[in-house]
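One structure below.
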Amino acid sequence: MLQSEYFIPTLKEVGSEAVIPSHQLMLKAGLVRQVAAGVFSFLPLGYRLLKKVMEIIREEMDRIGGQEFLLPALNPIEIWQQTGRVEAIGDVMFHIKNREGLVLAPTHEEIITFHARQHIKSYRNMPQIWYQIQTKFRNEPRPKSGVLRGRQFIMKDSYSLDTSWEGLDQSYEKHFHAYKRIFERCGIKFFIVGASSGAMGGSKSQEFMVESDSGEDLCVISEESGYAANLEVATSLVPPVGRIEDNFELEIFPTPNSKTIDDLVNHFGFDEKRCAKSVVYIIDSEPVLILMRGNDELNETKLSAVFNTTNIRPAESEELIRFTGADHGSIGPVNLKTKIKVVADNLLKDANGLISGANIDGYHYKNIDFKRDCHIDAYYDLRTVREGELCPFGTPLKIVKAIELGHIFKLGTKYSESLGATFLDAQGNEQPIIMGSYGIGVERVLACFIEQNHDEKGIIWKYPLIPFHAHLLGLNVIKSQVVKNTSFDIYNNLRSEGFDILFDDRDETAGVKFNDADLIGIPIQIIAGEKNIKNGLVEIKYRESGNRELVEISSLAKFLRDYYNRYETGEK
RNA sequence: CGGGGCGUAGCACAGCCCGGUUAGCGCGCCUGCUUUGGGAGCAGGAGGUCGCAGGUUCAAAUCCUGCCGCCCCGACCA
């Protein structure tokens, strides 16, 4: 490719709106341009790289027997109504205004299930793995971080159809390994965490994560034991509060100006652990009192999972007073005004000697015994894990920010049941198809790679994620006849040997070419300058290390072949 | 959706608080000459509805109101 004819609008500076390295570099290196909030155009160089990612994904999906589809982004809303996801997804789904009944698909479980219902009628038709690489539309409340969170993005989404739960396990396992291979081949450092299924429904799910300050997820990891989980589902080893010897009588006492656990601890000297914090949530329209130990934070995802609904929200002040008798700061499990459901975190199981609100503003009870003084409907793990606690295997855990690259779900029968996608098993019984769902954010792969592979000068691509095999820089190529003839010969020769070469034949100064080459980040730069050419040589610069060496012009093809063979044979 | 910030030439910004010449700087772009291994030099030149609408004023990029757009923090995130 002649750079003089190729559209790579590099920039010296980008505006202050780009705050993370990948966003800045994708703009500077001429990979993308923003069109609207969360909407990007990929320019030729960027799209070339995106296609490399997609090729790797295709190869690995095909390897596990995936069949590539192309499903429509325009979907009839009716099918989404049948699975109840119009409400579940809510404002995140784009609705078409001037053609009633159409929406833009944010994901494709419904359409896949629609086709499965049409044609998968027998256990003999399964298993199937269906996938596509296609544009998704999600009306994100706040797009951010360049292509990391957009309103339109490319996803590789796949779906497995199985006759049994064991079959689903196998399809899931295949995806697990395919995803590992995809991200390993892309040269990305990642880790895998147990995750929440959220409103997707289903049982098991895992996320493929890249540690990054730009990430939107918090993950709990313990390197010693290998424990890794999204904070939404993470658990830790914390001793329960338990019971104390002296079980005194329940006692009410005034606590003016003490609305928080910290206030109680500071004003009265209580042990924070023996304070039972109360929060009230409205879960599927029903009030539920939730008791947490001390200042433990309620994990809404866990709460959501326990009650098997995403329809949860904290109660308003007015509701608190109506259901409990007091406003926040004075609520507790004893003396509730109305009979509402009461659940507590596992750490509080059967504890006594507790302090909690009296459901009278400005009063608390002490010496509460959960077994004696109130009724707890159930105990669950509801707390949010904290840094420094021990993971379930007993080793210290830490919390890191991460970008979600991929997510794999065991969906089960949620979609096949709601859409009636059934088959006849070997006994002639009608059964719902058992499904899995698996996604990869394609642009995120590129962005994460750049986050992990750049320096102050620009991007550092590594095979196989390279836009070209080499960047040929013709210095003073317009005026120097020697450089011109030789560099064009090199260019034509290497191309005929099967290499993709970006040839900087522009009428630019050497400095401009060096800086653009470092910015674009092709791993090998071939620098053709007059002096070296006269000795039959060119200089090779390795983008990553900055090391340089002289190579005979006649052996350049061999040089490149050897260089890339080292990657192919895994020597590097 | 709550909080904050921004919108001036292709790009990045200053000017606005305190209204008043022909709206400014750098980069980029065009022409010519010179230069040519780390973002060249000189000379000349083109390019602006100051986001949109309304208002105040003799006079608005500047003050006021509304709207739109974009970014950041938070909430949300199938």
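In what follows, every chain begins at residue 1, and chains take the letters A, B, ... in the order their sequences are listed. Scope of the values below: all heavy atoms of this structure, side chains included, with no hydrogens, waters or symmetry mates.
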* Asked: Near RNA chain B, which residues from residues 530-539 of chain A have a heavy atom under 4.0 Å away?
  -> A/N532, A/E539

* When you measure from every atom of RNA chain B, which of residues 466-482 of chain A have a heavy atom less than 4.0 Å away? -> A/L475, A/N476, A/K479

* To do: Select base, sugar-phosphate, or nothing to describe what A/R151 touches, counting heavy atoms under 4.0 Å on all strands.
  => nothing

* With a non-hydrogen cut-off below 4.0 angstrom, is A/G15 in contact with a base, only sugar-phosphate, or nothing? -> sugar-phosphate

Watson-Crick or G-U counterpart of [N], or none if no pair lies under 3.5 Å:
{"N": "B/G74", "result": "B/C1"}
{"N": "B/G19", "result": "none"}
{"N": "B/G7", "result": "B/C68"}
{"N": "B/A61", "result": "none"}
{"N": "B/U31", "result": "B/A43"}

* Asked: Relative to A/F94, does A/R151 satisfy both conditions: NZ or CZ under 6.0 angstrom from the six-membered ring centre, and within 45 degrees of the ring's axis?
  -> no

Among [options], which is the nearest nucleotide to the side chain of [X]?
{"X": "A/E17", "options": "B/A12, B/C27, B/G37", "value": "B/A12"}
{"X": "A/T509", "options": "B/A75, B/C72, B/A40", "value": "B/A40"}
{"X": "A/A37", "options": "B/C71, B/G39, B/C72", "value": "B/C71"}

* **Donor-acceptor pair between A/Q128 and A/Y159 side chains, under 3.5 angstrom** => no

* Structure fact -> Per side-chain contact (heavy atoms from CB on, under 4.5 Å), A/S160 is matched among A/Y438, A/Y131, A/F409 by A/Y438

Spacing of [X] atom [atom1] relative to [N] atom [atom2], expressed in whole Å:
{"X": "A/K12", "N": "B/G26", "atom1": "NZ", "atom2": "C1'", "result": "9 Å"}
{"X": "A/N515", "N": "B/C27", "atom1": "CG", "atom2": "P", "result": "16 Å"}
{"X": "A/D91", "N": "B/C76", "atom1": "CG", "atom2": "C1'", "result": "11 Å"}

* By ring pair (Phe, Tyr, Trp, His ring centres under 6.0 Å) - contacts of A/F503 (at least two apart) -> A/F488, A/Y491

* **SB check A/D505 A/K484 (cutoff 4.0 Å)** => no

* To do: State plainly whether the residues A/E319 and A/R313 are in salt-bridge range, i.e. N to O under 4.0 Å.
  => yes

* Asked: Between B/C13 and A/S16, is there an OP1 or OP2 to side-chain N/O distance shorter than 4.0 Å?
  -> yes

* Aromatic ring pairing A/Y563/A/F559, orientation class (parallel under 30°, perpendicular over 60°, tilted between) -> parallel

* Measure the acute angle between the ring planes of A/F183 and A/F208, then classify it against the limits of 30° and 60° as parallel, tilted or perpendicular. => tilted

* Kindly say whether, by distance alone, the side chain of A/E13 makes a donor-acceptor pair under 3.5 Å with the base of B/G26? => yes

* hbond_proxy A/R142 side chain to B/C72 base (donor-acceptor, 3.5 Å cutoff) -> no

* Give the minimum heavy-atom separation between A/V14 and A/K28, together with the two atoms involved. => CG1-CG, 3.5 Å

* Aromatic ring proximity A/W461/A/F468, centre distance under 6.0 Å -> no

